[in-house]
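What follows is a set of notes on a single structure, which appears directly below.
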Amino acid sequence: MNKKTASLSLEGVKDSIDLPILGGSIGPDVIDVGGLTAKGYFTFDPGFMSTASCESRITYIDGDKGVLLHRGYPIEQLAEKSDYLETCYLLLNGELPDPAQKAEFENDIRYHTMVHEKLCEFFKGFPINAHPMAIMVGVVGALSAFYHDSLDIMKEEDRRISAHRLIAKMPTIAAMCYKHAIGQPFMYPRNDFGYAENFLHMMFSTPCEAPKVSPILAKAMDTIFLLHADHEQNASTSTVRLAGSTGANPFACVSAGIAALWGPAHGGANEAVLNMLDEIGDESRIEEFIKRAKDKNDPFRLMGFGHRVYKNFDPRAKVMRKICDEVLTELGVENDPLFRIARRLEKIALEDEYFIERKLYPNVDFYSGIILKAIGIPASMFTVIFAVGRTPGWISHWNEMISNPYKIGRPRQLYTGHARRDYPGT
Ligand code: CMC
């Protein structure tokens, strides 16, 4: 076999160091720097701009070409032909299910959607104005307190059941966060509803009234979950892997992922989009905000624009844009001032040299924020919905890591602090 190597010459060192080059199935080759430590060196790559932290078979992204594949399947095809639960199965198991496997998986998820009644009591301890992500971090982590019987992470069956529990219970917990905030009773899941339909039911029904969930909105919700299902080694997924590499249980790891997702540079962006649109308030102020976004001395950025990986376009945003149109039409709110601001902002940014030069296109959060707002979901719940959608991704990566040989994740550093010095008076 023709093994490629890279050769590293270091000033003042006689022999160069040979580093193996590893090839993936697609995508750039990777230089294996693992052997450098033995030679007394670490690599330095803050923000992991050039570092592959693991080997994975789940998701492939080509940011320049705007490609996103789950287990090889393009996201556009999954969004059009598949559904969220089938995509969950694909991410978890590596292949699409046959009809019997699909039915069995859906059934398994359906029969795990209820949460333990004791878990409902947790909510009483949270203030009414608690951010739903704060509740999610706590409550999802607390799930581990209820499943001691199936937390042996070395057992495949325990990993499977934990994965199914997480995917099934996330929408229930998410809807409970919302009900807690508005002071309404929790709604139990309904086994005769589909996944997204059930979520909207638990969000918007009350014991007094259960409005029929519009199929268009249920489909939009399902696609929002699907488009968020996985995204390779992003900050929250890497957090789940890092936490998991210590041997922590999957509920604790996913809770860590939820915490990482919360930040406005990651999952918090969809909430930030709506806050920004509110702040702009009127179409006449758009120019002012565009100017601020371009000003190097102003920390303001246009939320929902730009992406660390997609430097051409975000293929999820393309799908989401179409759904956005469908939902706004279905709800008859195309002319709502907030949505008009969003549309104008999108147009101006797409035509502005600053954004074109830097390849700052509307990302998935720009459109998902608008859709969720139109459905009637408050901005504080947006990142929670992202967390629900991302759960199969987190758990698939965790499972992939645990099922293969792995090491505890332990980055090193470039130390620039004081050298050894003595305590005064020593
Ligand atoms: N508005 C104005 N300028 C921007 C923006 C923006 N949203 N994003 C990047 N820039 C500029 C930035 O100032 C820099 O300009 P210059 O080269 O003149 O210094 C250039 O574009 C490159 O920016 P960067 O910070 O080096 O890019 P990055 O890849 O590190 O950051 C990002 C990616 C997503 C953090 C950033 O674009 C951003 O903060 N966007 C707004 C927040 C947002 O929408 N985040 C959601 C990301 S998608 C969801 C997910 O996958 O989690």
Flag if over 12 foreign heavy atoms under 6.0 Å of CD1, Ile402: yes
Test item: Phe123 and Phe186 side chains (from C-beta on) under 4.5 Å apart, heavy atoms: yes
Look at Lys124 together with Glu121 and state whether they make a salt bridge at an N to O cut-off of under 4.0 Å. no
With heavy-atom distances below 4.5 Å as the criterion, would you say the side chains of Tyr73 and Leu96 are in contact? yes
Let me confirm one number: the CD-CD distance from Gln101 to Glu86, rounded to the nearest 0.5 Å. 10.5 Å
Any donor and acceptor pair, going by atom type alone, linking the side chain of Thr329 with main-chain N or O of Asp325 inside 3.5 Å? yes
Within 45° cone of Phe355 ring axis and under 6.0 Å: Arg358 NZ or CZ: no
Electrostatic pair Arg316-Glu76, nearest N-O below 4.0 angstrom: no
Less than 4.5 Å apart, any side-chain heavy atom of Trp394 and any of Leu261? yes
Spacing of Thr239 atom OG1 and Gln233 atom CD [to the nearest 0.5 Å]: 11.0 Å
Starting at OG of Ser236, measure out to NE2 of His397 and round the result to the nearest 0.5 Å. 9.5 Å
Do you see a donor-acceptor pair shorter than 3.5 Å between the side chains of Asn234 and Thr237? yes
Do Ser150 side-chain atoms and Asp158 backbone N/O form a donor-acceptor pair below 3.5 Å? no
Test the Lys102-Tyr89 pair against the cation-pi criterion, namely NZ or CZ under 6.0 angstrom from the six-membered ring centroid and within 45° of the ring axis. no
With a sphere of 6.0 Å drawn around CD of Glu95, does it hold more than 12 non-hydrogen atoms of other residues, nucleotides or ligands? no
4.5 Å side-chain heavy-atom contact, Phe382 and Ile377: yes
Check residues 292-305 and write down every donor-acceptor pair under 3.5 Å in which the side-chain atom is one partner and the other belongs to a residue at least two apart or another chain.
from: Arg292; atom 1: NE; to: Asp298; atom 2: OD2; distance (Å): 2.8
from: Lys294; atom 1: NZ; to: Asp352; atom 2: OD1; distance (Å): 3.4
from: Lys294; atom 1: NZ; to: Asp352; atom 2: OD2; distance (Å): 2.9
from: Asp295; atom 1: OD1; to: Asn297; atom 2: N; distance (Å): 2.8
from: Asp298; atom 1: OD1; to: Phe300; atom 2: N; distance (Å): 2.9

Tell me the salt bridge (charged side-chain N to carboxylate O under 4.0 Å, His left out) pairs involving residues 175-200, sequence neighbours left out? Arg190-Asp192
